[in-house]
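Note sheet for the following structure.
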Amino acid sequence: MGQARPSELELQVLGVLWDRGPSPVREILEAMPDGKDRAYTTILSVLQVLEKKGLVRHTRLGQANVYHPKHKRGQVLGPMMKDLLRNAFGGSPARALQSLLDGADVKPGDLEEIRKVIEQAESDLKPEEGAV
């Protein structure tokens, strides 16, 4: 992708846009996942930086700007996750997952979702029938 990597606060804003879809600043502010009390202008500034980095764009709807992510979650996070996996976990997905689970507030159903992701990854690795 070639653009600068997002900061932690920028990732939170992007996460809101990926989850909710295109949104005006006020809705992004209300949906921020860390629950911190922030000013409207703070989120607006973050969005303007994200736009300069090529990660979001905006359209005008009446009096409001509506911000849109320009890339899918995996396109932005994929390279970051690969670097983290290599640098912090010696390339071991199992060690990374264990660290994630150790530090996460695992809720009922989370492990079942993780099992489904692992099953999908296993089926993606299996060669198709009839393939040589």
Side-chain angles (χ1 to χ4, degrees):
M1 267 185 339
Q3 79 275 342
R5 290 197 169 171
S7 70
E8 185 175 325
L9 183 55
E10 291 167 353
L11 278 173
Q12 286 186 50
V13 169
L14 283 168
V16 170
L17 290 173
W18 287 323
D19 289 343
R20 296 175 60 97
S23 303
V25 178
R26 178 89 40 219
E27 288 180 17
I28 296 167
L29 175 63
E30 291 168 1
M32 289 294 286
D34 65 4
K36 289 184 180 175
D37 190 24
R38 290 193 174 87
Y40 176 96
T41 53
T42 300
I43 301 303
L44 178 60
S45 294
V46 169
L47 286 159
Q48 290 168 340
V49 170
L50 285 169
E51 198 159 22
K52 286 179 186 165
K53 289 182 175 183
L55 293 167
V56 302
R57 65 180 176 82
H58 75 273
T59 56
R60 195 89 175 140
L61 183 63
Q63 296 293 319
N65 283 338
V66 175
Y67 288 85
H68 310 254
K70 287 181 71 174
H71 306 282
K72 293 181 179 173
R73 190 183 310 252
Q75 291 174 297
V76 174
L77 298 182
M80 296 172 68
M81 296 298 289
K82 284 179 184 174
D83 287 348
L84 181 65
L85 184 66
R86 181 186 65 242
N87 296 335
F89 300 103
S92 169
R95 287 174 48 200
L97 180 57
Q98 185 61 57
S99 180
L100 180 64
L101 291 174
D102 289 347
D105 181 18
V106 179
K107 294 178 178 51
D110 287 344
L111 292 177
E112 185 57 37
E113 286 185 48
I114 291 168
R115 282 185 193 92
K116 288 178 184 174
V117 169
I118 292 170
E119 288 171 7
Q120 181 62 52
E122 286 175 334
S123 75
D124 290 348
L125 288 175
K126 291 179 184 172
E128 293 184 28
E129 287 187 37
V132 178

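Annotation for Leu125: atom CG counts as buried by contact number, over 12 foreign heavy atoms lying within 6.0 Å. In this structure, Asp37 places its CG atom where only 12 or fewer heavy-atom neighbours from other residues, nucleotides or ligands lie under 6.0 Å away. The environment of CD in Glu8 is sparse: at most 12 heavy-atom neighbours from other residues, nucleotides or ligands sit within 6.0 Å.
Taking every heavy atom of both residues into account, Trp18 and His71 meet most closely at NE1-O, 2.9 Å. Listed here is the closest heavy atom pair of Gln120 and Ser123: O-OG, 3.0 Å. Shortest non-hydrogen contact noted between Ser92 and Leu85 is O-CD1, 3.4 Å. Across all their heavy atoms, Tyr67 and Val56 have their closest contact at CD2-CG2, 4.1 Å. The two residues Arg20 and Ala31 come nearest to each other via the heavy atoms CD-CB, 3.6 Å. For the pair Ile28 and Val16, the tightest heavy-atom approach, listed with the atom from each and the gap, is CA-CG1, 4.0 Å.
In this structure, Arg95 does not pair ionically with Asp102, as no charged nitrogen and carboxylate oxygen lie closer than 4.0 Å. Salt-bridge check for Lys116 with Glu119: failed, with every basic side-chain N at 4.0 Å or more from each acidic carboxylate O.
To the nearest 0.5 angstrom, Leu50 atom CG is 11.0 Å from Ser45 atom OG. Atom-to-atom distance recorded for Ile118:CD1 and Leu97:CG is 6.0 Å, nearest 0.5 angstrom. Between atom CD of residue Gln12 and atom CG of residue Asp34 there is a gap of 4.0 Å, rounded to the nearest 0.5 Å. Taken to the nearest 0.5 Å, the CE atom of Met81 stands 8.5 Å off from the CZ atom of Phe89. Distance check, rounded to the nearest 0.5 Å: CE of Met32 to CZ of Arg38 gives 4.5 Å. A distance of 8.0 Å separates NZ of Lys70 from CD of Glu51, quoted to the nearest 0.5 Å.
For Asp105, the salt bridge (Lys or Arg N to Asp or Glu O under 4.0 Å) partners at least two apart in sequence or on another chain are Lys107. For Thr59, the side-chain hydrogen bond (donor to acceptor under 3.5 Å, both in side chains) test picks out His68, with sequence neighbours left out.
With contacts defined as side-chain heavy-atom distances shorter than 4.5 Å, the pair Leu111/Arg115 qualifies. Contact annotation: the side chain of Leu11 approaches that of Leu77 to within less than 4.5 Å [non-hydrogen atoms, C-beta and beyond]. His58 places none of its side-chain heavy atoms less than 4.5 Å from the side chain of Leu47. Side-chain contact between Ile114 and Val106: absent, with no pair of heavy atoms (C-beta onward) separated by less than 4.5 Å. Within the 4.5 Å cutoff, side-chain heavy atoms of Arg5 are placed close to those of Pro79.
Hydrophobic cluster membership differs between Met80 and Val49, with clusters built from Ile, Leu, Val, Met, Phe, Trp and Tyr side chains linked at under 4.5 angstrom. Grouping the Ile, Leu, Val, Met, Phe, Trp and Tyr side chains by contacts below 4.5 angstrom, directly or via other members, places Leu17 with Leu9.
No donor-acceptor pair under 3.5 Å is formed between the side chain of Thr42 and the backbone N or O of Tyr40.
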- Go through the steps to decide whether Val66 and Glu27 satisfy the test side chain to side chain contact (heavy atoms under 4.5 Å, CB included), and finish with yes or no. CA-CA 10 Å; Val66 175; Glu27 288 180 17; over 6 Å; no

